[in-house]
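What follows is a single structure, written as structure tokens, with notes after it.
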Amino acid sequence: MTSHETAAPKPVPIETGLALAMLRDMVRIRRFEERCADLYGQQKIRGFLHLYIGEEAVGVGAVHALATDDSIVATYREHGHALARGIAAGAIMAEMYGKLEGCSRGRGGSMHLFDAKARLYGGNAIVGGGLPLATGLALAEKMQGGRRATAVFFGEGAVAEGAFHESMNLAALWKLPVVFFCENNLYAMGTALARSESQTDLCAKAASYDVTTARADGMDVVACYEAARDAVNRVRDGAGPVFVEFQTYRYRAHSMFDPDLYRDKAEIEAWKKNGPIHNLTNRLKSEGKLTEQTFLAIDAEAQREVDLAVAFAEEGTWESVDDLARDVHTQAAP
Amino acid sequence: MTSHETAAPKPVPIETGLALAMLRDMVRIRRFEERCADLYGQQKIRGFLHLYIGEEAVGVGAVHALATDDSIVATYREHGHALARGIAAGAIMAEMYGKLEGCSRGRGGSMHLFDAKARLYGGNAIVGGGLPLATGLALAEKMQGGRRATAVFFGEGAVAEGAFHESMNLAALWKLPVVFFCENNLYAMGTALARSESQTDLCAKAASYDVTTARADGMDVVACYEAARDAVNRVRDGAGPVFVEFQTYRYRAHSMFDPDLYRDKAEIEAWKKNGPIHNLTNRLKSEGKLTEQTFLAIDAEAQREVDLAVAFAEEGTWESVDDLARDVHTQAAP
Amino acid sequence: MKITYREALRQALHDALACDPRVFLMGEDVGKYGGSYAVSKGFFEEFGPERIRDAPLSELGFVGAGIGAALGGMRPIVEVMTVNFSLLALDQIVNTAALYRHMSGGQFSVPVVIRMSTGAGRQLAAQHSHSFENWYAHVPGLTVIAPATVDDARGMLAPALASPDPVIVFEHAMLYPMEGELSPNWAKADLCSARVLRPGGDVTLIAYGGTVWKAMAAAERLASQGIGAEVIDLRVLRPLDDATIMASVRRTRRAVIVDEGWRSGSLAAEIMARIMEQAFYDLDAPVARVCSAEVPMPYAKHLEEAALPQPESVVAAVLQLLGKTAQ
Amino acid sequence: MKITYREALRQALHDALACDPRVFLMGEDVGKYGGSYAVSKGFFEEFGPERIRDAPLSELGFVGAGIGAALGGMRPIVEVMTVNFSLLALDQIVNTAALYRHMSGGQFSVPVVIRMSTGAGRQLAAQHSHSFENWYAHVPGLTVIAPATVDDARGMLAPALASPDPVIVFEHAMLYPMEGELSPNWAKADLCSARVLRPGGDVTLIAYGGTVWKAMAAAERLASQGIGAEVIDLRVLRPLDDATIMASVRRTRRAVIVDEGWRSGSLAAEIMARIMEQAFYDLDAPVARVCSAEVPMPYAKHLEEAALPQPESVVAAVLQLLGKTAQ
Ligand SMILES: Cc1ncc(C[n+]2csc(CCOP(=O)(O)OP(=O)(O)O)c2C)c(N)n1
Ligand SMILES: Cc1ncc(C[n+]2csc(CCOP(=O)(O)OP(=O)(O)O)c2C)c(N)n1
Ligand SMILES: [Mg+2]
Ligand SMILES: [Mg+2]
């Protein structure tokens, strides 16, 4: 992996089982979030809701490149990561309903999905807030002599924050096993990258910390997977942190409150032609590894999973108001 | 000015009058601070006292490259900058005595020298704290269509702070007329550069913001002056910010509280052989522009100035305790 | 004329930008996006990108730059999207803006206005529901205001900009869509007085920002039970207007503070302390407070409602103070 | 045995490092330099650079990394050199450490200890003399302690490290060289109770950190005037030990709080509010407070002294409370 590498023009070979698993996850995320948007309209889901639609290849490729005991730190746009990580769709949906059966007991909502077993350290609603945290998780791992990696996802907007700078420096200085997964979807809310960064080459920026960098086509899940896998391997070997820029695009508005007036419709349409599900499906079909029938079956199963998740959330219970102050502190062991 | 330029091996020509003026200022600073150290021992000066001894060429070269209406933002190690700027030694000394005649009314002490007329915007005791401020001063200047530059001084230790990152990005993004003068004296308190930055090439780091960078021998006042002048000219022309790294060394401990146990005595001695006053004196003598007699006269005058400053401070008055709350807010005009 | 709080803020900003070339608005998404609460919608097109300046995600940097620009002769209005993110900028606000004048011996003033939305109520969960007004109100050198009415949303910006010293403006996020009648006196807004929003003789309810309307709702209910509650809108959180508070409390002899901040260390505590200091012998009962529960704000609606002060809890506190039980 | 506060802290840290391999100390200049207050002198050589970890100047980053390391199974002690610089790290402390457990539905605990020096008194001027204990004490999810005695400097670290949740430790900078007698009970220090340092029947003086000794000095002087002042060292600022405070105040019927924070919005205000709520009818006079003047701390010695609470001002407040004049 060299600095500023871009995805090879010719498709990287990929094992069919893995490709199909990643396709399935992308479809699951897509269907799940489409339903979220509906449910938001119905006021079943409230608060902030940030959809990942269009960016599925990034989270899916990256999470598949991680071992199950690696740690993940994500942002408020993390449904995809949680689903790809294997957290039950029902627990995620219940969380967004605010139900006790939610993966954060209904206290977190869409922006704060947590799962200790899956080592998902949130869902963080402070832009850049997860970066120092991930650095610390990696520090603990290194001090304990383990080989687990920590992956932190963040948007290109977060790169302007001091938290990015301080975390990159600490991670590089101390050679910590952390992979910085930058989801460059070109906008931070309504602010385009070139209007927020003097240096729009994010890999050049990251390289100035003396860390290894890579760039991947965020609309190609195989490229994302490959770049992430190389990064994770490198990190696991103790070579210090790696920064990976995924070039992607969000098809939906920033959040459900965003009127989305700062982008050209044509730009959105152009990116939609390059959709991650579409790209992988096409490739697998052309390679004879996927039939339309299989695809429809995958899709139907995803829809069913979402239906079940919604049913689970609907049937969920509300945490008792008496438990409001529970877990402000850790309870004494019984 | 190209990136990563280092001082030319052969001495840059310099106008004699300017050279002598800079020599005078370096000697003034040296004598002034030597006296400060004594006075600290006598408890005439209290609080934190950070000496600039050894680094005089940086502040003197840089300040001489500025126009009198350019703005200066400095750190807690700013006696040199204040003296070179022409603020009366008596007002500075009185400030360190805590007297009403001090340049900050005795409220600031050594770390908070201010002078509105000289456009010295402090003395700042928060590492990195002056960087956003300077960025804003430059923003105001640009929005008002002026041609004044803002110069901000900071140590290499400050480069690790988020404030550095955010300020560099804003200044570069908005092409603001600010010069970032990094005083790289190799240590931040007891922490050597290589123990605090993954990337020890500070110009490489700064360049990643897409700003012009330069490096100067901080023990050579002429080199400092030249690098600063080029930077200021560039900034004034609207080409955006410039970052200049001055490679220097502090001969004294970080502050009067520092037992200075983290450096080799040999290292300090080696740097002392390369002293800025010594270097310039030698050069001017070898060029026939300075006699020992003239040097002694300069020194004697500096000593006299310091004596007068001390006398002024000794004779100064204490602000009335009744005025304690004065200037928390701006008084209504009478 | 009826007008929303958002529109009142918009008009105030528009006036300021139109009348004084030194004024500019800077913050995340104030420009092309139109402001995250749509307060500055259309300004980018009208005043251009220099004066409606979108800032990168770097709160410490751009708030500090606003402070510097104020020192440099401009009159910046810096928008920190929400109080939650202002923690990242606190060092510049406290250690630079607030201290600057005093520690320079009075040589420099910092005429910056820093606006931020605050508060909970929209199910935005723990990291997006803070109320740190009390923290800012603790800092000498700052003036802290919390417009709660359309009059103040319309009227307080001009004196804030006229102030030579830093002013922090808290806009409660639940108020933006609120409609109110703009009074002819809106332009007389000052930065030093509290206002009696509703007179009453039996108890004083003291509130600010979003809780003002909860106190008003409580007063309405109390009225139906024959209890006259006087409602004071603090408006200015630093300096506090002791005279208005004490005059009311001396008359009613009882007070309840309604404050969305967490209870311990709330602004309510400061008001209680002042009443203790200045009107102790006039009290018929201890002053009470209705604050937020001391928990990170939960997402679920019923839990969020339970954590926040509500008109019912204010009514209950008043009844307890009066030794009555709810009807 | 006589011991300095600094040495007591040093021994406590040494114990922790020696006994638990998960413990490490991280912060600016804790290692090679020996700690800016010389508390960790010699540790770098003894425990090595991994466990005595010098951090670059990046408070937000390394404090956040400490929080992450705690989540990752370590027991970090993060030293923020002074409370003044902690403003830069406040976002991670509040929005991550304090909220984490509750907002994750109880899945994660954050066993981090964050130490910082605090307070004024050494002529370090406006930016280096803050007391923000009250800000931290406002935040649910944090435990906030302020050891004021050598016993607590020696004893409170172990329970802080044993706590599964974040603990903030304030060490008043004036206390480091203070000598005291280490009692045999130091190891019984808890994180929940206030302590009566000196009994008395006429008035209760409530203090914490650096002001404890000013209150003690005031009590001594009052004693010479025949006035018995009980002195309470709060020790723990969150949660406050209401029981100890109220028991004393109910007995003495009068109280003065001594707090180095700026008066408005001080921790003193919270204690006054609680006494109002819980012991109003037991009071013979309004509770008073002696706090710092509401000004940025000036450098000049006489001005700094005038701005800070002093034993004389405590004595004066007590005499006023008792309706007596100074003798
Ligand atoms: C510190 C902070 N500042 C501002 C915000 C408001 N905000 C939420 S998301 C966002 C844009 C972030 O953009 P980016 O990092 O590119 O991530 P994306 O949303 O594009 O995935 C902003 C400004 C915030 N949550 N936190
Ligand atoms: C934000 C902040 N953190 C820590 C400190 C304590 N401190 C004061 S000076 C200093 C070292 C700064 O080093 P550098 O920036 O290289 O400047 P130098 O002192 O070498 O001139 C430190 C850690 C501070 N004043 N501010
Ligand atoms: Mg983005
Ligand atoms: Mg240095």
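In this text the structure is predicted, and so the values were computed from the model without any measurement. The chains referred to below are lettered A, B, ... by the order of the sequence lines, with proteins before strands, and numbering in each begins at 1.
Heavy-atom neighbours of chain C within the stretch residues 82-89 of chain D, taken at a separation under 4.5 angstrom, comprise D/Asn84, D/Leu87, D/Leu88. By a heavy-atom distance cut of under 4.5 Å, C/Ala137, C/His138, C/Val139, C/Pro140 are the residues of residues 137-146 of chain C near chain D, going up by number. Contacts between residues 99-112 of chain D and chain C, defined by a heavy-atom separation under 4.5 Å, are made by D/Leu99, D/His102, D/Met103.
If you measure heavy-atom distances from C/Phe132 to chain D, the contacts under 4.5 Å come from the side chain alone. If you measure heavy-atom distances from C/Ala268 to chain D, you find no contacts under 4.5 Å at all. For D/Tyr299, no part lies under 4.5 angstrom from a heavy atom of chain C. Proximity to chain C involves both the backbone and the side chain of D/Ala126, based on heavy atoms less than 4.5 angstrom apart. For D/Leu267, no part sits under 4.5 Å from any heavy atom of chain C, backbone or side chain. If you measure heavy-atom distances from C/Leu60 to chain D, the contacts under 4.5 Å come from the side chain alone.
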message = Could you go through C/Asp91 and D/Glu59, starting from their C-alpha distance and side-chain angles, then the distance that decides it, and tell me whether this counts as side chain to side chain contact (heavy atoms under 4.5 Å, CB included)?
response = CA-CA 11 Å; C/Asp91 168 67; D/Glu59 288 77 6; over 6 Å; no

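Once rounded to the nearest 0.5 Å, the distance linking CG of D/Leu283 with CE of C/Met276 reads 5.5 Å.
For chain C, the option among D/Ala288, D/Ser264, D/Gly265, D/Ala269 with the highest count of heavy-atom pairs below 4.5 Å is D/Ser264. Note on D/Ala273, D/Gly261, D/Pro296: by heavy-atom pairs under 4.5 Å with chain C, the leading option is D/Pro296.
When the salt bridge (charged side-chain N to carboxylate O under 4.0 Å, His left out) test is applied to C/Glu270, the partners found at least two apart in sequence or on another chain are C/Arg274, D/Arg289.
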